[in-house]
Peer 1: 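Before we start, here is the structure in question, set down as structure tokens.
Everything numeric in this text was worked out from a predicted model, so none of it was measured. Indexing begins at 1, ligand by ligand and atom by atom, following the structure's order.
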Amino acid sequence: MKAADNLFIKNIAQLVTCRGQQARHGAAAMNDLGVIDGPAAIIARNGIITYAGPMSGVKPEDTVGCHELDATGRCVLPGFVDSHTHLVFGGYREDEFQWRLKGDSYMSIMERGGGIASTMKATRKASFEELAASAQIHLKAMADMGVTTVEAKSGYGMELETELRQLEVARYLDGIQPLDIYSTFMGAHDRPAEYKGRESEFIELICNEMLPEVTKHGLAECCDIFTEKGVFDHEQTRRMLTAAKEAGLKVKMHADEIVPFGGAELAAELGCLSADHLLQISDKGIEALANSNTVATLLPCTAFSLKEQYAPARKMIDAGCAVALASDLNPGSCFSASIPLMIALATIYMNMTCEEAVTALTINGAAAIGRAGSVGSIEAGKLADFAMLRYPSYKFLSYHFGMNLVEHTVKRGVIIK
Ligand code: NIG
Ligand code: FE
């Protein structure tokens, strides 16, 4: 059982609720943060919110047995949900980053056997303890920035044993530190060199040998695939994700990252929780996502790191998509899980409003991992997961850019920062 506590947060200057149980689509909904002006209060019992509203609604008996936190002059928001990370990996690729700075491209490095394949080698070699120790450092940094729920993908094994080890590390970390981890099986992240040109055979191997082991041990809730020209095509994606759904997993896709490839349309058709990256999404893809329940998860730090153009967030939101923001933390395309950088890029370069960025990191991020019923907003019945800023308004998140404004992080009613 995870630690949970009773907590009374009082005198909140601004309470951002983001209330709702599902993704918010389009500009009107994404700009409505459900703000309660202070003085406001939150009460949590056993890690679950029992009250979120004006201070005047709190009776003395409601807070008996609660720890107290005074939020005078402070804004409280839902804890952030980082819904796309490759948290568990071995080794680093610092040289690759320097090559890219000099003009080398991500795909060309990948074609030469670097990229994901290089992390695959290091991850296969790494012990359980080594993988856990490095991932734990990232989880601590995330908690420090107000993140309370994190998705973690496998995909650096591309063989049964290492894929299972990555997922077992994620499960172990879920149990020993406060943040909740949502595990995604991504055996189809790339293919080992010996399967180049035989991608369909590799997909069969994943479907027939890896997927059953993952589900037998309950090691993942979701399945992801890198659908991209030169990696896995539509037919292979359909085969992989259909098998995953039949095995009881939710599905998502890395889609339209490097070239336009119809990935968003396929994600909507297959009922994916989310389609992620979308730098090269087409107008048809935008329309498909807008008319679906598939969240459009944008990863601005990856576009920044790869020096690519950003995903067309403004166009997508105006067309009615539900946009989420996530880090994509990984040792290659984006070795950063910075929430402040993500918000700065989203608001300054992607023309998202600060309100949209907050929605994208809270309720829409929660929807992207199928958890909008339990996290992503501040309302009775949800987990008591919060980020308290040292400023009185959420607007400081974009205004005081690049800085970590989180004074306290609360997970299940426990003050973890
Ligand atoms: O989301 N595009 C594929 N996968 C990752 C990168 C992983 C890596 O480079 O190690 C991504 O960017
Ligand atoms: Fe990714």
Side-chain angles (χ1 to χ4, degrees), residues 82-97 99-100 104-124 126 131 134-135 138 150-158 162-163 166 170 182-192 199 222-232 236-237 240 251-259 261 263-264 267 272-281 295-308 310-311 324-337 342 365 368-369:
D82 191 343
S83 63
H84 180 141
T85 87
H86 303 256
L87 176 71
V88 180
F89 56 82
Y92 300 99
R93 283 153 46 199
E94 68 278 17
D95 288 335
E96 248 181 49
F97 188 81
W99 300 338
R100 283 210 316 273
D104 214 340
S105 81
Y106 181 78
M107 284 313 263
S108 126
I109 293 169
M110 191 168 165
E111 277 151 22
R112 301 198 311 266
I116 296 173
S118 121
T119 298
M120 180 194 78
K121 286 189 203 119
T123 306
R124 286 180 176 183
L131 293 176
S134 96
H138 299 302
V150 177
E151 187 253 16
K153 302 175 198 298
S154 69
Y156 289 123
M158 291 176 248
T162 312
E163 289 292 316
Q166 280 190 276
Y182 178 92
S183 278
T184 297
F185 169 56
M186 198 175 178
H189 190 192
D190 191 2
R191 65 286 191 225
E199 285 73 20
C222 191
C223 181
D224 195 347
I225 179 166
F226 188 14
T227 303
E228 185 69 44
K229 186 161 181 264
V231 191
F232 297 111
Q236 290 148 0
T237 302
M240 178 73 247
V251 294
K252 53 173 67 210
M253 281 168 61
H254 281 60
D256 298 322
E257 178 182 0
I258 317 279
V259 298
F261 201 55
C272 286
L273 280 178
S274 68
D276 300 37
H277 282 290
L278 305 174
L279 307 188
Q280 304 290 342
I281 191 172
V295 173
T297 299
L298 309 184
L299 313 166
C301 294
T302 308
F304 175 72
S305 163
L306 296 177
K307 300 212 251 182
E308 295 287 348
Y310 294 93
L325 290 168
S327 71
D328 195 23
L329 171 71
N330 73 72
S333 65
C334 184
F335 193 38
S336 172
M342 210 188 301
I369 53 169

Peer 1: For Thr297, run the side-chain contact (heavy atoms from CB on, under 4.5 Å) check against Leu273, Leu278, Asp276 and tell me which one passes.
Peer 2: Asp276

Peer 1: Heavy-atom distance under 4.5 Å between the side chains of Cys223 and Met253, does that happen here?
Peer 2: no

Peer 1: Any idea which protein heavy atom is nearest atom 2 (N) of ligand 1, and the distance to it?
Peer 2: Glu257 OE1, 2.8 Å

Peer 1: Do Glu228 side-chain atoms and Ile258 backbone N/O form a donor-acceptor pair below 3.5 Å?
Peer 2: yes

Peer 1: Would you find a donor on one side and an acceptor on the other, under 3.5 Å apart, between the side chain of Asp256 and the backbone of Gly263?
Peer 2: yes

Peer 1: With heavy atoms of His84 as the reference, note each atom of ligand 1 found under 4.0 Å away.
Peer 2: 1 (O)

Peer 1: Short list, please: which atoms of ligand 1 are under 4.0 Å from a heavy atom of Asp328?
Peer 2: 1 (O), 11 (C), 12 (O)

Peer 1: Evaluate Ser333 for polar contact with ligand 1, using N/O atom pairs at a separation under 3.5 Å.
Peer 2: yes

Peer 1: Determine the sole option in Thr85, Asp224, Thr184 for which the side-chain hydrogen bond (donor to acceptor under 3.5 Å, both in side chains) test with Lys153 is passed.
Peer 2: Asp224

Peer 1: Given atoms NE2 of His254 and NE2 of His86, what angle do they subtend at the Fe ion (ligand 2), to the nearest 10 degrees?
Peer 2: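 Reported to 10°, the angle equals 100°.
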
Peer 1: Any side-chain to backbone donor/acceptor pair from Gln166 onto Gly155? Under 3.5 Å, distance only.
Peer 2: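 Flag set: sc Gln166 to bb Gly155 pair under 3.5 Å.
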
Peer 1: Under 4.0 Å, counting heavy atoms only: does His277 come that close to any atom of ligand 1?
Peer 2: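 In this structure, His277 qualifies as a contact of ligand 1 - some heavy atom is under 4.0 Å.
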
Peer 1: Check for me whether Thr119 has a heavy atom closer than 4.0 Å to any atom of ligand 1.
Peer 2: no

Peer 1: For residues Arg100 and Ser105, is any side-chain donor paired with an opposing acceptor at under 3.5 Å?
Peer 2: no

Peer 1: I'd like to know if Arg93 contacts ligand 1, where contact means a heavy-atom distance under 4.0 Å to any ligand atom.
Peer 2: yes

Peer 1: For atom 6 (C) of ligand 1, grab the closest protein heavy atom and report residue, atom and distance to one decimal in Å.
Peer 2: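 Heavy-atom neighbour on the protein nearest atom 6 (C) of ligand 1: Tyr106 OH, 3.2 Å.
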
Peer 1: I'd like to know whether ligand 1 has Tyr156 as a neighbour, heavy-atom separation below 4.0 Å.
Peer 2: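 Distance cut 4.0 Å: Tyr156 passes for ligand 1.
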
Peer 1: Do the ring planes of His84 and His277 sit parallel (below 30°), tilted (30 to 60°) or perpendicular (above 60°)?
Peer 2: perpendicular

Peer 1: Do the two ring centres, one from His86 and one from Phe335, sit under 6.0 Å apart?
Peer 2: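 No, the ring of His86 stays outside the 6.0 Å limit from the ring of Phe335, centre to centre.
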
Peer 1: Determine whether the side chain, the backbone, both or neither of Glu228 has a heavy atom under 4.0 Å from any heavy atom of ligand 1.
Peer 2: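 The answer is neither; Glu228 stays 4.0 Å or more away.
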
Peer 1: So that I can check it, does any N, O or S atom in His277 come closer than 2.8 Å to the Fe ion (ligand 2)?
Peer 2: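 No.
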
Peer 1: Judged by modelled atom types alone, do Ser333 and Thr302 share a side-chain donor-acceptor pair under 3.5 Å?
Peer 2: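 No.
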
Peer 1: What atoms in ligand 1 come closer than 4.0 Å to a heavy atom of His254?
Peer 2: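 Heavy-atom distances to His254 below 4.0 Å select 1 (O), 2 (N), 3 (C), 4 (N), 11 (C).
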
Peer 1: N/O to N/O below 3.5 Å, does that happen between His189 and ligand 1?
Peer 2: yes

Peer 1: Please give the atom name: the N, O or S atom of Asp328 nearest to the Fe ion (ligand 2).
Peer 2: OD1

